[in-house]
Q: 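Take this structure first; my questions come after.
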Amino acid sequence: MEAIFQRSVSQRPNRRADPEALNQKEKDSEEGFFSSGKLSAEYPLRMLWKKGFIRLLLVAGVVWMMLILSVLLFHIWSCQSSIGFFSAVCNREGKVFIMLDSMGFVPRSPHRCSVPVVDDPDAVVIPKAKTPDTIVRNLTFIVEDEETDSVSTPLFGGNISWAQREDSFKLKPIMKVHCGFMRNGGGDMDPKDTEYAKKCRFVVASGIFDGYDTPHQPSNISDRSQKIFCFLMVVDEKSFDFIKKNVSVSVDTDGGHWVGIWRLVLLKHQPYDEPRRNGKVPKILVHRLFPEAQYSIWIDGKMELIVDPLLMLERYLWRGKHTYAIAQHKHHRNVFEEADANKRRKRYARPLIDLQMKIYRYEGMEPWSPLKSTPSDVPEGAIIIREHTALNNLFSCLWFNEVHLFTPRDQLSFGYVVYRLKNKFKFYMFPNCEYNAQFVLHPHTREHSSKVEWVKSLSEFKSNSDLRESRGGFGLWTPYPADLTKVVLPTVVRTSKAG
């Protein structure tokens, strides 16, 4: 019995730790995990530093990304803020804002937003000196073409050759270009209106053609602006008669016709068959109609101006030291997308719009992208604010020449002329919501119509010569000095259902 008890005791595990056995276990475990066979005493400290450094990098990266995100969010918020200080901080022309907007991170502006004009028109300081002409110092205009067999009667815009058009985009100190008002081409002002316009240095100009509208009286016009501005409404014979039948017209001692604050300026012998093209004469060529003007503000005839014009000059020209300001289009930045919208809305013949776009594409016009130096290639042209410098006048001439040569859709050619002048022409493109806050829009008395709106192919023009305008758009029918058959227009991605 005693022997059995001793044997059972000897078979129990020894619970007392054997130091040598433990050391041997540690050695075996080290040899199992590390080839060196020996774990350094500094290993736990090194692992601690390594893990801490990685965590530090991760935290720093997160903080840096949060900082960048915070700055971008502040930039977006400041651009949308109604607080004047933060709104002034925002740079809507900057690459950051344009990039964020193109990526869809900038909330869409409301239809109208407050125009950050000063409070008191009497406090506005008018610059004493005009902006110096440094790029183009002397600009004159061609008023008579050399006789050619291709054109039997004088054209208001001239018989511009492709070589003359190309040369007109090459900026030089002394330039002479086509700019409408060719001799015996039409668009004649009454002598009494010409004499009156000579005293006008500050002009608010508008126009009504083919009896589409009646003049709308501006509101919020200060006494100071009423004294220094000439409000000139350019009309054709049909609109002049329509206005006299439907609106009270007064006649002054000099024979001038007035509707409220507007003086009616009659243009006789309309230059073009297309009323839309006639309407571009006073819109784009204000400096030719009123050559003594130093500043002008153009507004479309269907609009009622509700902002003092002196405050507009201060806001859009003098404050930022600009000489030309125009609003950004509400929907489009890409001229090829604008062309697509014009075709869908039947604004002009589809094949002629395509032909104009192919010429622009062949000549290097690229679709708009955030990498471009301008906020957009498509303006909202119903309001144009400008100082009549030589370069601005040249731009207006070249812009009008495109309207004369191609389609009357002037929004298609604005960005192209900017591109051809290689960013030498500087302008301020202000937000569309400010544009909408400057006027009240009234409906036309009737809808515009054009005999070429529904034409679907060039063959229709060839089979029916009556569809072609006799005095405008002849560049579309003059053989282009290059093969356009291989030109492929960029794919259009519609960014707006409304556009």
Side-chain angles (χ1 to χ4, degrees), residues 82 87 108-121 124 202-226 228-235 239 242-243 246-250 258-265 275-276 279-280 282-283 286 295-317 325-331 345 347 378-386 410-411 428-448 496 498-499:
S82 59
S87 181
R108 293 290 90 195
S109 300
H111 180 65
R112 292 176 182 267
C113 58
S114 60
V115 183
V117 294
V118 297
D119 296 328
D120 185 9
V124 174
F202 295 77
V203 171
V204 175
S206 188
I208 297 175
F209 289 83
D210 209 34
Y212 286 122
D213 303 285
T214 56
H216 304 287
Q217 297 304 308
S219 57
N220 303 315
I221 309 299
S222 65
D223 293 338
R224 187 184 183 193
S225 289
Q226 292 186 44
I228 67 175
F229 277 90
C230 295
F231 290 79
L232 305 175
M233 178 69 69
V234 183
V235 297
S239 299
F242 178 81
I243 291 170
N246 293 276
V247 180
S248 177
V249 178
S250 61
W258 297 81
V259 177
I261 200 172
W262 293 106
R263 181 182 174 107
L264 302 182
V265 176
R276 284 194 180 107
K280 301 304 182 286
K283 173 180 179 175
V286 179
Y295 296 94
S296 68
I297 298 173
W298 166 265
I299 64 170
D300 278 1
K302 62 183 178 180
M303 296 161 59
E304 173 191 334
L305 186 65
I306 59 175
V307 178
D308 187 282
L310 189 60
L311 299 184
M312 293 174 68
L313 290 181
E314 190 282 329
R315 161 70 180 100
Y316 295 109
L317 297 188
I326 194 167
Q328 181 176 316
H329 194 277
K330 182 179 182 181
H331 301 295
R345 293 181 173 187
R347 294 294 178 86
V378 185
E380 197 73 74
I383 294 179
I384 306 175
I385 308 158
R386 55 198 142 181
D410 56 292
Q411 289 168 311
Y428 173 52
M429 185 168 273
F430 53 90
N432 187 271
C433 65
E434 288 188 23
Y435 155 82
N436 282 299
Q438 297 177 42
F439 63 87
V440 174
L441 188 63
H442 296 273
H444 290 300
T445 57
R446 59 190 177 86
E447 287 301 316
H448 282 277
S496 170

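As the structure is a prediction and not an experimental result, all values here were calculated from the model.
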Q: Measure from the side-chain N and O atoms of Glu314 to the backbone N and O of Val117, and report whether any donor-acceptor pair falls under 3.5 Å.
A: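 Answer holds: no.
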Q: Where do Ala437 and Cys113 come nearest, in terms of heavy atoms and distance?
A: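 In this case the closest contact between Ala437 and Cys113 is CB-O, 3.0 Å.
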Q: On a heavy-atom basis, which atom in Val235 and which in Phe209 lie closest, and how many Å separate them?
A: C-CE2, 4.5 Å
Q: To the nearest 0.5 Å, what is the distance between CZ (Arg315) and CZ (Phe430)?
A: 8.5 Å
Q: Side-chain contact, heavy-atom cut-off 4.5 Å: Val307 with Asn220?
A: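 Answer no - side chains too far apart.
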Q: Is there a side-chain hydrogen bond (donor to acceptor under 3.5 Å, both in side chains) between Asn246 and Thr214? Walk through the geometry before answering.
A: CA-CA 8 Å; Asn246 293 276; Thr214 56; over 6 Å; no
Q: Does some side-chain heavy atom of Phe229 sit less than 4.5 Å from a side-chain heavy atom of Ile221?
A: no
Q: I need the Glu434 CD to Gln328 CD distance, nearest 0.5 Å.
A: 11.5 Å
Q: If you round to the nearest 0.5 Å, how far is CG of Leu264 from OG of Ser239?
A: 10.0 Å
Q: Quick check for you: to the nearest 0.5 Å, what is the distance between Glu304 atom CD and Ile299 atom CD1?
A: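 Answer for the CD-CD1 pair, Glu304 versus Ile299, is 9.0 Å.
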Q: So do the side chains of Lys330 and Tyr435 get within less than 4.5 Å of each other, counting heavy atoms only?
A: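 Counting from C-beta outward, Lys330 and Tyr435 never come under 4.5 Å.
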Q: Are Leu305 and Met312 side-chain neighbours, meaning at least one heavy-atom pair lies under 4.5 Å?
A: yes
Q: Would you please classify the geometry between the Trp262 ring and the Phe231 ring as parallel, tilted or perpendicular, with 30° and 60° separating the classes?
A: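 Perpendicular.
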Q: Given 3.5 Å as the limit, does a donor-acceptor pair link the side chain of Asn436 with the main chain of Arg112, or not?
A: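 Judged by distance alone, no pair lies under 3.5 Å.
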Q: Is the closest side-chain heavy-atom distance between Glu380 and Ile326 below 4.5 Å?
A: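 No. Closest side-chain heavy atoms not under 4.5 Å.
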Q: Please identify each residue that fulfils salt bridge (Lys or Arg N to Asp or Glu O under 4.0 Å) with Asp300, with sequence neighbours left out.
A: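 Result, salt bridge (Lys or Arg N to Asp or Glu O under 4.0 Å) vs Asp300: none returned.
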Q: So, the side chain of Ser296 versus the backbone of Val286: is there a donor-acceptor pair under 3.5 Å, distance only?
A: no
Q: Between NE2 of His216 and CD1 of Ile306, what distance do you get to the nearest 0.5 Å?
A: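 That separation rounds to 13.5 Å.
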Q: Between Met429 and Ala327, which heavy-atom pair has the shortest distance, and what is it?
A: CG-C, 3.9 Å
Q: If I take atom CD1 from residue Ile261 and atom OG from residue Ser219, how far apart are they, to the nearest 0.5 angstrom?
A: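 With rounding to 0.5 Å, CD1 (Ile261) is 10.5 Å from OG (Ser219).
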Q: Between Gln411 (side chain only) and Pro379 (backbone N and O only), is there a donor and an acceptor less than 3.5 Å apart?
A: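 Side chain of Gln411 to backbone of Pro379, a donor-acceptor pair under 3.5 Å: yes, one is there.
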Q: What pair of heavy atoms forms the shortest contact from Pro309 to Ile297, and how long is it?
A: O-CD1, 3.5 Å
Q: Please tell me if the side chains of Val204 and Pro218 come closer than 4.5 Å, counting only heavy atoms from C-beta onward.
A: no
Q: Within the 4.5 Å heavy-atom criterion, are Asn432 and His329 side-chain neighbours or not?
A: no
Q: Got Val115 and Gln438 here, is their nearest side-chain heavy-atom distance under 4.5 Å?
A: yes
Q: Any donor-acceptor pair under 3.5 Å linking the side chain of Asp308 with the backbone of Leu310?
A: yes
Q: What is the ring orientation for Phe202 with Tyr295, classed by angle as parallel under 30°, tilted 30 to 60°, or perpendicular over 60°?
A: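 Rings of Phe202 and Tyr295: parallel, as their planes differ by under 30°.
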Q: What's the verdict on side chain to side chain contact (heavy atoms under 4.5 Å, CB included) for Leu317 and Arg386, showing C-alpha distance, side-chain angles and the deciding distance?
A: CA-CA 8 Å; Leu317 297 188; Arg386 55 198 142 181; 5.7 Å; no
